[in-house]
Amino acid sequence: MTRPLTDNMEIFAGLIVLIACCCSLLLISNGNEIGGCSQTNNFFQYTNYRTSYHFQPSRNWINDPNVRQAPSYVFVWTISGPMYYKGFYHLFYQYNPLGAVFGDIMIWGHSASYDLINWFHLNHALCPSEPYDINSCWSGSTTILPGSKPFILYTGIDANGRQVQNLAMPKNLSDPLLKEWVKFSGNPVMTPPNGVKKDDFRDPTTAWQGSDGEWRVIVGSRSNNQGMAILYRSKDFMHWTKFQNPLYSSERTGMWECPDFYPVSINGTNGVDTSVLNPSVKHVMKASFNSHDYYMLGTYNPQMEKFFPHTDFEGTSSDLRYDYGKLYASKTFFDNVKNRRILWGWVNESDSRQDDIEKGWSGVQSFPRQIWLDINGKQLLQWPVEEIETLRGKQASIDDKKLESGSVFEVSGITASQVDVEVVFELPELEEADEFINPGSVDPQLLCNDKNALISSRLGPFGLLALATEELTEQTAIFFKIFRGHNRFVVLMCSDQSRSSLRKDVDKTTYGAFVDIDPRQEKISLRSLIDHSMIESFGGRGRTCITSRVYPQLATDKAARLYVFNNGTLGVVISSLNAWSINKALIGEEESFKV
């Protein structure tokens, strides 16, 4: 679960893609109390900011798939253990059933899906009931053992306020919806070790099995000013022993929340099971801290029980991140049905706590993304799962259109508040780009903030104006700027929220990152999923991702517009643009689905 954005839960791996609340993000209490798993039937006022094809509960606060405590103004949820089981994908998430702000007591919400797109809500999976979790069921993960036996490992807050790790299993393995879970009589199975504070021990990951038959799992922690992944081993998945050293630790980070550890193939886009270990994989070590999800690529040595990264966390903007915007407390799982690894992350609100209360809901999940290793081996790539195509409606297309300096061109014929758009740009005057000296010493987010969508250079800014009004008084600009470096070109990608809303009481942070592509060898591409208050953007075919939450006052629903623009002094060409209106996903109660 995320603590001020700090906790984590994980995945089952097997026949179910179950999304378990990865980190238990703390919700601010509204003064109510919850006993057991009682449901509430309150209805709240919805606004134009509610998403249509991103997963979120019908009401109240969610976070980590699983996260822990978040800032008091957000309603968060994160995924703990996505998985696929007997024909259904499952999603577990941190949930406050009593309000749209973080609560004193958090539970595990549970939803299921046939296709990762349309979801129906089920009874809560885990609720506080025993001394070892009486003060909350926080983030964790799921693992599917041989024989298609799913288990949940989760963080409980016990009667003494300690974070302890607990085990739960399905009451009925023949139930494909896994509606009921039973807590292990031997809980807790892990308690804070010596040298670790009682509130710095949470978010167990999906487990992996070594060649010796033993299971391994890591728990996020902090000790002696080092963030770390504490390693535990078990022969039977019920009795766990701490290994003498962490799997990895770093002095340049804070508390590790929602850690994730998994292999990726070096030979293609297919995913591999979490227990795979051979020369054809690298390993990913991901940790959530400082409000972002960072990761390292490297090698796992099972004899030493040690992860060796190619590059350590530096505590600078050069550290690799899943997303350079708002995504946090993410979780991946291996989808063995389609041989892919899928990532979800929690995206919190950017308006006020009072706004969340008035809306009646807070927090949303990112659209599920397939994730794999770039062919150059230096970073991960992400792309929306192919199932989004089933929601596509009306299409608009543009080919070979020149955008002169100062051009703004509307993409018409689609629903701009609910759209999937991909545009590819050609740069006929690439060699004329402005010179950029020593880009390695520059923070790209600060650069985007200083050189926003209104500041012209030779090549850029050019890109999209999303959720814009007809007069452009409101607009969110997602754009590129291109510079000449020493024997190479530098591609800067920005998401500028500074003019996203006429409202004064919302966060309008501008985000930015470099995109590791050579525009001499490939065209510049941008794909954005726009969903009312959510914009997920993928630059360079998924090399750089930026997620933002925006709250336009005027550019909502049918009043929203989508434009392509070029504010650079040199012309660019739209090689191709395709935009599809996205139909509303079905997200509701089980009774509304044919199960």
Side-chain angles (χ1 to χ4, degrees), residues 1-10 22-26 64 66-70 78 138-141 153 155 157 161-165 188 190-208 216-233 240-262 282-322 328-331:
M1 174 165 183
T2 17
R3 225 178 139 153
L5 283 177
T6 3
D7 268 296
N8 173 356
M9 300 178 69
E10 237 237 21
C22 164
C23 301
S24 306
L25 185 79
L26 271 185
D64 308 358
N66 254 357
V67 183
R68 192 190 164 195
Q69 181 177 346
T78 57
W138 277 6
S139 308
S141 63
L153 274 170
T155 298
I157 310 302
R162 295 186 309 166
Q163 297 172 1
V164 298
Q165 313 316 315
M190 307 171 204
T191 58
N194 292 335
V196 172
K197 295 180 179 179
K198 68 177 184 179
D199 57 354
D200 283 343
F201 183 64
R202 56 185 176 271
D203 307 335
T205 63
T206 295
W208 69 96
R216 278 89 167 158
V217 70
I218 58 174
V219 179
S221 188
R222 171 176 52 190
S223 180
N224 296 322
N225 296 318
Q226 291 186 335
M228 63 181 61
I230 299 178
L231 177 67
Y232 285 82
R233 301 194 299 192
W240 294 86
T241 302
K242 176 182 171 295
F243 190 67
Q244 57 187 358
N245 297 315
L247 185 66
Y248 191 78
S249 62
S250 175
E251 296 179 349
R252 298 184 179 93
T253 70
M255 167 70 195
W256 279 25
E257 296 188 296
C258 307
D260 206 358
F261 186 65
Y262 57 91
K282 288 186 177 183
H283 269 76
V284 178
M285 175 69 80
K286 169 260 174 180
S288 300
F289 55 87
N290 296 341
S291 301
H292 300 296
D293 280 9
Y294 297 88
Y295 72 91
M296 300 173 287
L297 296 169
T299 302
Y300 168 49
N301 185 319
Q303 286 74 39
M304 300 177 64
E305 294 289 16
K306 198 74 177 174
F307 172 69
F308 294 93
H310 299 329
T311 303
D312 195 359
F313 291 137
E314 297 294 334
T316 69
S317 60
S318 64
D319 289 339
L320 293 171
R321 284 162 53 179
Y322 281 166
Y328 189 72
S330 61
K331 176 61 64 177

| Has the side chain of Gln163 got a donor or acceptor atom that lies under 3.5 Å from a matching backbone atom of Asp199? | yes
Looking at every non-hydrogen atom in both residues, tell me the closest pair between [X] and [Y] and how far apart they are.
{"X": "Gly220", "Y": "Met255", "answer": "O-CE, 3.4 Å"}
{"X": "Asp319", "Y": "Tyr294", "answer": "CB-CD2, 3.7 Å"}
{"X": "Lys286", "Y": "Ala329", "answer": "NZ-C, 4.0 Å"}
{"X": "Tyr232", "Y": "Thr191", "answer": "OH-O, 3.7 Å"}
{"X": "Lys197", "Y": "Pro192", "answer": "O-CB, 4.3 Å"}
{"X": "Met285", "Y": "Ala229", "answer": "CE-CB, 4.3 Å"}

Side-chain heavy-atom pair [X], [Y] within 4.5 angstrom cut-off:
{"X": "Tyr322", "Y": "Ser288", "value": "no"}
{"X": "Leu153", "Y": "Trp240", "value": "yes"}
{"X": "Val196", "Y": "Ile230", "value": "yes"}

**Q.** Evaluation steps, side-chain contact (heavy atoms from CB on, under 4.5 Å), between Ser250 and Asp312
**A.** CA-CA 8 Å; Ser250 175; Asp312 195 359; 4.1 Å; yes
I need the [X] [atom1] to [Y] [atom2] distance, nearest 0.5 Å.
{"X": "Arg216", "Y": "Arg233", "atom1": "CZ", "atom2": "CZ", "value": "5.5 Å"}
{"X": "Lys306", "Y": "Tyr300", "atom1": "NZ", "atom2": "OH", "value": "12.0 Å"}
{"X": "Phe308", "Y": "Thr299", "atom1": "CZ", "atom2": "OG1", "value": "9.0 Å"}
{"X": "Leu247", "Y": "Glu305", "atom1": "CG", "atom2": "CD", "value": "7.0 Å"}
{"X": "Phe289", "Y": "Arg252", "atom1": "CZ", "atom2": "CZ", "value": "11.0 Å"}
{"X": "Lys282", "Y": "Met296", "atom1": "NZ", "atom2": "CE", "value": "13.5 Å"}

* Please test Phe201 against Arg222 for side-chain contact (heavy atoms from CB on, under 4.5 Å), starting from the C-alpha separation and ending with a verdict. => CA-CA 8 Å; Phe201 183 64; Arg222 171 176 52 190; over 6 Å; no
Around atom CD of Glu314, are there more than 12 heavy atoms from other residues, nucleotides or ligands closer than 6.0 Å? yes
Margin query: Can you confirm whether the side chains of Thr155 and Gln165 place a donor and an acceptor under 3.5 Å from each other?
Written below: yes
Discussion item. Hydrogens and angles aside, do Ser221 and Asp200 bring a side-chain donor and acceptor to less than 3.5 Å of each other?
Written reply: no
With Met190 as partner, the option from Thr241, Val217, Val164 fulfilling side chain to side chain contact (heavy atoms under 4.5 Å, CB included) is Val217
Could you walk me through whether Ile157 and Arg162 pass the side-chain contact (heavy atoms from CB on, under 4.5 Å) test, one step at a time?
CA-CA 6 Å; Ile157 310 302; Arg162 295 186 309 166; over 6 Å; no
Paired with Phe261, the ring pair (Phe, Tyr, Trp, His ring centres under 6.0 Å) test is passed by just one of Trp208, Trp256, Tyr295, namely Trp208
